[in-house]
Participant: 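Sending over a structure as structure tokens; questions will come in a sec.
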Amino acid sequence: MTKKEESKEVDDPEFFPFINGTRIDLCPRNSKYVNLYIKWKNDPKVRKYARNVVPRSLDEQKKRFETRHEGISEHISFDVWHKKDKTLIGQIGLSRIDWINGKANAFLQIGEPDYWNKDIGTEATKLLVEYAFTELNLNKLHGGVAVDNIGSWSVAEKIGFQPEGIKKHEMYVDGRYVDTKIYRLLKEDWLKRKDR
Ligand SMILES: CC(C)(COP(=O)(O)OP(=O)(O)OC[C@H]1O[C@@H](n2cnc3c(N)ncnc32)[C@H](O)[C@@H]1OP(=O)(O)O)[C@@H](O)C(=O)NCCC(=O)NCCS
């Protein structure tokens with residue numbers, strides 16, 4: 001790695017970590033990386049359980065940026081940056097935020113498969129959970145995961161998400177109906193955990 005690459009973080013005037021982790025940082029989304037977002041949205045391996053069943057064009061993705069609402073909204077997302085490799089590897093966030101009842105859906109996508117199964121999704125989700133409970137004052141996080149997506153529900157269970165039940169035939173993946181596991185994490189349960 002060259003000196004220039006090593007100091008990319010410092011040199012890049014558009015690198016703004018919002019939440020610092022150990023191996024990753026969570027940063028605001030940036031339209032400059034729209035090509036990477038598109039690559040992940042269309043990658044057959046990545047999109048399989050993320051349920052991106054329609055191709056996403058670069059133009060469409062750019063348009064989404066133009067209409068994006070920053071600030072308190074029903075959707076908050078972050079870029080996941082690998083600190084050591086200084087590489088953008090995925091996205092994480094909260095959707096369907098219900099500010100009245102204090103709950104939201106948690107989502108995660110590590111778009112670069114080389115970084116799967118290295119505990120990075122778990123670290124990113126831990127940071128998101130802490131942010132949701134201690135900064136946004138949310139009370140409950142939930143998520144639905146295909147039973148076949150072992151990586152995804154393993155992340156949920158490692159952090160303490162509790163299974164709430166199974167929804168039968170909730171997704172149609174590769175020509176067959178797949179059940180989803182429904183998970184929840186309450187703030188009161190998370191506060192009791194020693195590994196948070
Ligand atoms: C699902 C996803 C977010 C997981 O992220 P990740 O960084 O790989 O997760 P982690 O490494 O923190 O944890 C994954 C765990 O699942 C386990 N796992 C993954 N596939 C497995 C398999 N086939 N059998 C057994 N365990 C498996 C890993 O061993 C790891 O557990 P461990 O730490 O106890 O060894 C990532 O694979 C991804 O983004 N996939 C594509 C998009 C997607 O499916 N998003 C979720 C939609 S709900």
Side-chain angles (χ1 to χ4, degrees), residues 19-27 29 33 35-56 61 64 74-97 103-132 140-185 190 193-196:
I19 296 172
N20 293 119
T22 308
R23 289 188 298 159
I24 53 160
D25 286 324
L26 303 190
C27 304
R29 306 277 304 277
Y33 302 113
N35 283 35
L36 204 45
Y37 303 150
I38 276 296
K39 181 185 130 190
W40 299 338
K41 282 277 175 222
N42 292 300
D43 183 329
K45 211 169 155 190
V46 178
R47 71 181 182 81
K48 179 170 175 177
Y49 291 113
R51 307 313 301 125
N52 299 326
V53 294
V54 177
R56 174 82 56 86
Q61 189 70 27
R64 283 177 174 241
E74 288 175 12
H75 188 102
I76 297 174
S77 58
F78 296 101
D79 279 346
V80 179
W81 275 84
H82 193 277
K83 285 156 101 89
K84 188 163 156 278
D85 296 352
K86 298 175 173 63
T87 304
L88 178 54
I89 58 169
Q91 291 163 347
I92 191 165
L94 302 167
S95 60
R96 291 184 268 135
I97 305 174
K103 58 185 185 169
N105 177 68
F107 67 87
L108 167 66
Q109 171 183 274
I110 302 299
E112 299 294 329
D114 287 353
Y115 290 85
W116 288 358
N117 300 325
K118 295 185 170 149
D119 212 37
I120 287 173
T122 302
E123 185 184 340
T125 309
K126 277 186 177 176
L127 295 173
L128 182 77
V129 167
E130 183 171 9
Y131 169 67
K140 176 180 177 178
L141 297 178
H142 52 86
V145 178
V147 292
D148 298 345
N149 195 353
I150 303 174
S152 192
W153 58 255
S154 298
V155 168
E157 293 192 355
K158 279 194 275 181
I159 289 168
F161 277 76
Q162 299 289 318
E164 284 199 320
I166 300 273
K167 281 194 176 175
K168 297 296 288 179
H169 288 202
E170 192 66 6
M171 292 180 181
Y172 187 66
V173 184
D174 289 348
R176 65 188 182 92
Y177 290 101
V178 175
D179 300 344
T180 58
K181 289 180 160 202
I182 305 303
Y183 283 94
R184 61 129 205 286
L185 180 60
W190 174 76
R193 287 182 69 89
K194 291 196 173 68
D195 62 349
R196 63 186 163 85

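Note that ligands are numbered from 1 as they come in the structure, with each ligand's atoms numbered from 1 the same way. For the numbers below, each heavy atom of this structure counts, side chains included, while hydrogens, waters and symmetry mates do not.
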Participant: Taking 4.0 Å as the limit for heavy-atom contacts, which would you say applies to Asn117 with ligand 1: side chain only, backbone only, both, or neither?
Facilitator: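 Looking at Asn117 and ligand 1, atoms from backbone and side chain both fall under 4.0 Å.
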
Participant: Would you call Lys140 and Glu164 a salt bridge, taking side-chain N to carboxylate O under 4.0 Å as the test?
Facilitator: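 Judged by the 4.0 Å cut-off on N to carboxylate O distance, Lys140 and Glu164 do form a salt bridge.
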
Participant: Name the option, out of Phe107, Trp116, Trp40, Tyr115, that contains the heavy atom nearest to atom 41 (C) of ligand 1.
Facilitator: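 Shortest heavy-atom distance from atom 41 (C) of ligand 1: Trp116.
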
Participant: Would you call Glu112 and Lys39 a salt bridge, taking side-chain N to carboxylate O under 4.0 Å as the test?
Facilitator: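 Salt bridge: yes.
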
Participant: One thing to verify: whether Asp148 and Lys48 come together as a salt bridge, which I'm taking to mean a side-chain N less than 4.0 angstrom from a carboxylate O.
Facilitator: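 Answer for the salt bridge query: no.
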
Participant: Please could you name the atoms of ligand 1 that Ile120 approaches to less than 4.0 Å, counting only its heavy atoms?
Facilitator: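 That gives atoms 7 (O), 12 (O) of ligand 1.
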
Participant: May I ask you to identify, for Lys158, whether its side chain, its backbone, both or neither come under 4.0 Å of ligand 1 on a heavy-atom basis?
Facilitator: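 The answer is the side chain.
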
Participant: Any atoms of ligand 1 less than 4.0 Å from a non-hydrogen atom of Tyr49? List them with their elements.
Facilitator: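 Checking each atom against Tyr49, I get 44 (O), 47 (C).
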
Participant: Determine whether the side chain, the backbone, both or neither of Ser154 has a heavy atom under 4.0 Å from any heavy atom of ligand 1.
Facilitator: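 For Ser154, only side-chain atoms sit under 4.0 Å from ligand 1.
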
Participant: According to the interplanar angle, ranging from 0 to 90°, do the rings of Tyr172 and Tyr177 count as parallel (below 30°), tilted (30 to 60°) or perpendicular (above 60°)?
Facilitator: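 If you compare the ring of Tyr172 with that of Tyr177, the planes turn out tilted.
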
Participant: Considering non-hydrogen atoms only, spot the tightest contact between Trp40 and Gly90 and give its length.
Facilitator: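 Answer, listing the atom of Trp40 first, then Gly90: CH2-N, 3.2 Å.
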
Participant: Could you pull out, from Thr122, Ile24, Asn105, Ile159, the option with a heavy atom nearest to atom 10 (P) of ligand 1?
Facilitator: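 Of the listed residues, Thr122 has the closest heavy atom.
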
Participant: What is the closest protein heavy atom to atom 27 (C) of ligand 1, and at what distance does it sit?
Facilitator: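 Looking only at protein heavy atoms, the one closest to atom 27 (C) of ligand 1 is Ile150 CG2, 3.6 Å.
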
